[in-house]
Every structure is written in structure tokens, then in C-alpha cells.
Number of protein chains: 2
Amino acid sequence: MVETTRRQEIEDVASSLFHEHGYSGTSVRDIARALDIQGASLYAHVASKQDVLWSIVDGTASRFEAAADAVTPAPDAESAPDPADRLTALVRAHVGIVTDDIERASVFIHEWRSLSTDRRAEIARRRDAYEQRFREVIADGVGEYAFAPVDPVAAAAYLLTALNGLAAWYRPDRRLTPAALADAYVQLSLQALDAGRHAEVPV
Amino acid sequence: MVETTRRQEIEDVASSLFHEHGYSGTSVRDIARALDIQGASLYAHVASKQDVLWSIVDGTASRFEAAADAVTPAPDAESAPDPADRLTALVRAHVGIVTDDIERASVFIHEWRSLSTDRRAEIARRRDAYEQRFREVIADGVGEYAFAPVDPVAAAAYLLTALNGLAAWYRPDRRLTPAALADAYVQLSLQALDAGRHAEVPV
DNA sequence: CCTACCGATCGGTAGG
DNA sequence: CCTACCGATCGGTAGG
């Protein structure tokens, strides 16, 4: 039932090694050794080391995008949820993906610079579009006086790098479970925008 | 007057290359090429590539520590400044060092994992001690009801990774100068802790 | 700071 | 998935 293809195994151990030593710091033979096969045998399954990195980064980017899509209101919705709720959903989705697979998330966040020029450009575009979702919610909230008057570009970068930082330090433990962590990060993110403090100020 | 030793030049170009391509992704010959000398000639000035990384990381760690020392009240002070002021000073100092030399800061933040075992352990200790300063101010503020009741460990990690994220994205421009950026990041950080909203609640 | 050179390792291919 | 092998590049040394 737990079907794990060889290709998936390769990407799993590659994610772990790229996470720990970086893409440049990991050799094809390091990956093969973790699978108990010869370095050259890896090429029966993958076209290149770069190809493995791309699969990990592209797949993880898609997970983030799909999760954000799922919590983004349809453009034709009667009434868009208020900005605080929309931001909460985005933060929770993001933290969920990071904590669900820290190694792949970490590779996506830190190693996309090692992609070839074209792929790197594509991921840069997709990352910017993803960050734009955060900027828009923040700008909406500022416009509605639901958030403090922050710079949406700086605030979105602040929030997203805080969330992405998880991939570098978080290890699940009994005291700070993924659920507790998500709650804490939602609280900090809403507070960072002073959410709910400004609705009454001007009209 | 502007005395730049060869050693400093080497560390400057190495910081730039390590920032862009990582330590493993930068060869000794890459560094030499940027200085218009032969790869082997570099060894007239440095003992090893690892030695260059250590100088950058150790020096930058010291800058962060000295800046935090400078804004930390003496233990024998009559009255410690309130937590919001202390946190403001810590955030401003940290952002200042990052924006003052993004490349070195970035190498310190991201490449310390490439250090040899002993040095890596030392930097891990020093980073933890530095982060502890943030945890303490946050815990003090929570204890005095100056901040919202956040988990000091999670909140300190959240704040510091947000600040460190600057090294990856920030480029000074006319709209967002280093000073404006520091103001925005202080505001977001204080708000993240809901600073000044809780003083009146219980006693 | 240079030329000349070292052994080790790199990503990848050929041919089973 | 293996053995055998490729040219290129790696960090670093010797000796000027």
C-alpha cells in the first residue's frame, strides 16, 4: 500500500542531503551511498543531478501554490473574507507545508539558486507571484484599516522570511507540536500587522 | 587613507561569491579570478579556503555580539529600560549590521554550516547565546505584561529569522532606504509582540 | 605572486 | 543496477 518508487526514494535522500549540505556540497555518489548503490547506477533513474534538484523544487513550489489557491477566495465570490482571516489561512497553509516536509521545503527555500538559468528564472517568477498574494492581502487590510499602516512589500517579506525560517530551525517536539507552532506563528503574524486594532480608527 | 589590505580584499570578494554561490559552490580559483591572480597565488595570503570562511563568519559574529552588548543594559543598572525599548534597540542593531554589509551577514547566516566541526560547534553556541538575548527580553516583556503572552522561544526564532531574511532579499533603493527599512522592521517586530497593548490588563 | 604539478573527486557515459 | 572509464576540476604544495 505504501508504494514508494525508486525515483521517490532518490528524491527523499537527495532532499535530506541537499538540506544538510546544500546542492553543491552533495555529490551524486553521496546520494547513491545513502541508497546503497553505485554512483553511476543512479543514472538508470535520473538524467542528472540538476534534474533531481528540479523535481524537488518544482514539486514543492506546486504544493505551496496549490495550498494558497485552496484558501484564496474565488474572484466571483459574493464577499471576500476579511483580510485577517485570509492572512490566517495563508500563514497556516504555508506553515503546514513547511512542517509537513521540512527537508523538501528547505531545499525549495534555499537551493533554488543552484538551478540552471532558465529554471531559476521560472522559480523566481513563481516565488514572486506567491509572495504577491501576501502583499495583496496585507494591502487590502491596510486599505480597510484592519491592519496597521505598514509597507506591504516590507511586511510581506518580513512575514514570509519568518515563516520560511522554520525550515532551518524547527524540529517537532512534545512542547512545540506542528499544531502549536502553527498557532503561535499565526498569532505573531497577525499581531505583526496589528490586526483588528485599527478598524475603528478612521472612516 | 582608505587602507585596504590584500587579506581584506580576499575576504570581500569571497563574501560576495559565497553569498551568491555558497561556500561549496565557490572554488578557490573563482576567488582568485575575481582578484586577477592565479589560484595558487591565493595561498600566499591565506592558509585555506576554510580559513577564509572562518574569518568572515567569526568577524561577523563578533560584530553582532558587540552591537548587542552596546545596547544591553549593564547588570548593575539602577533600572533596566522597559522591554519594548530594549527590543527596539536589539532589532535596530541587528538590522543595521545586516544592511551595512549584506554579503558578510549573508555568509554568516547561511554558510556557517560549511565550517569544520569544531568551528561549527563554536558558532552554534554563539548564535544560541545571541538568540538568548532576544528570548530574555521577550520573556521579560511577557512577564511584565508589556507583550502579549507569546512563547519566547518561538517568538525569538520568528523575529530573528525575519530579520535575517533581509540578507537574502534586501537591496537598498530610494523608496526603502536602510533607515526606512529599519523603522519598518522595528514596527513589525514590536507589533508582533503586541507591545504596549497589555500593560494595563492585569496586576 | 608565478609556473608546474599532486592525488582526489567531480558529474556523467559506454556497454553490458 | 554493475564495472570500467572519461575529461574536468577540486583544494592545496613545491620551489622559486
Report all side-chain donor-acceptor pairs from residues 82-90 of chain B shorter than 3.5 Å, counting only partners two or more places apart or in another chain.
from: B/D82; atom 1: OD1; to: B/A84; atom 2: N; distance (Å): 3.0
from: B/D82; atom 1: OD1; to: B/D85; atom 2: N; distance (Å): 3.1
from: B/R86; atom 1: NH1; to: B/D140; atom 2: OD2; distance (Å): 3.2
from: B/R86; atom 1: NH2; to: B/D140; atom 2: OD2; distance (Å): 3.1
from: B/T88; atom 1: OG1; to: B/A84; atom 2: O; distance (Å): 2.7

Could you go through residues 117-125 of chain B and list every donor-acceptor pair under 3.5 Å that involves a side-chain atom there, pairing it with any protein atom two or more places apart or in another chain?
from: B/R120; atom 1: NH1; to: B/R113; atom 2: O; distance (Å): 3.1
from: B/E122; atom 1: OE2; to: B/R126; atom 2: NH1; distance (Å): 2.8

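Within a heavy-atom distance below 4.0 Å of DNA chain C, the residues of residues 43-60 of chain A found are A/Y43, A/S48, A/K49.
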For this session: Given salt bridge (Lys or Arg N to Asp or Glu O under 4.0 Å), test B/E136 with B/R133 step by step and report yes or no.
Result: CA-CA 5 Å; B/E136 277 169 10; B/R133 299 166 189 254; over 6 Å; no
Exercise. Should A/R63 and A/D101 be marked as a salt bridge (Lys or Arg N to Asp or Glu O under 4.0 Å) after you check the CA-CA gap, both sets of side-chain angles, and the distance that decides it?
Worked result: CA-CA 11 Å; A/R63 284 198 68 191; A/D101 193 338; 5.1 Å; no
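Counting only N and O atoms by type, the side chains of A/H94 and A/N164 include a donor and acceptor under 3.5 Å apart. Side-chain atoms of B/Y158 and A/S189 include a donor-acceptor pair closer than 3.5 Å.
Counting 5' to 3', DNA chain C first comes under 4.0 angstrom of a heavy atom of chain A and last does so at the ends given by C/dC10 to C/dT13.
Shown here are the side-chain hydrogen bond (donor to acceptor under 3.5 Å, both in side chains) partners of B/R135, two or more places apart in sequence or in another chain: B/D128, B/Q132.
Remark: side-chain polar atoms of B/D30 are paired, donor with acceptor, to backbone N or O of B/S27 under 3.5 angstrom.
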Exercise. Reading DNA chain C 5' to 3', how would its secondary structure be written in dot-bracket notation, given Watson-Crick and G-U pairs with both distances under 3.5 Å, brackets [ ] for crossing pairs and | for partners on other strands?
Worked result: ||||||||||||||||
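Across all strands, B/S24 comes closer than 4.0 Å to no nucleic acid atom at all (heavy-atom distances).
Within the cation-pi definition used here (under 6.0 Å to the ring centroid, within 45° of the axis), A/R127 does not qualify as a partner of A/F64.
Between A/W169 and A/Y185, the ring-plane angle classifies as tilted under the 30° and 60° cut-offs.
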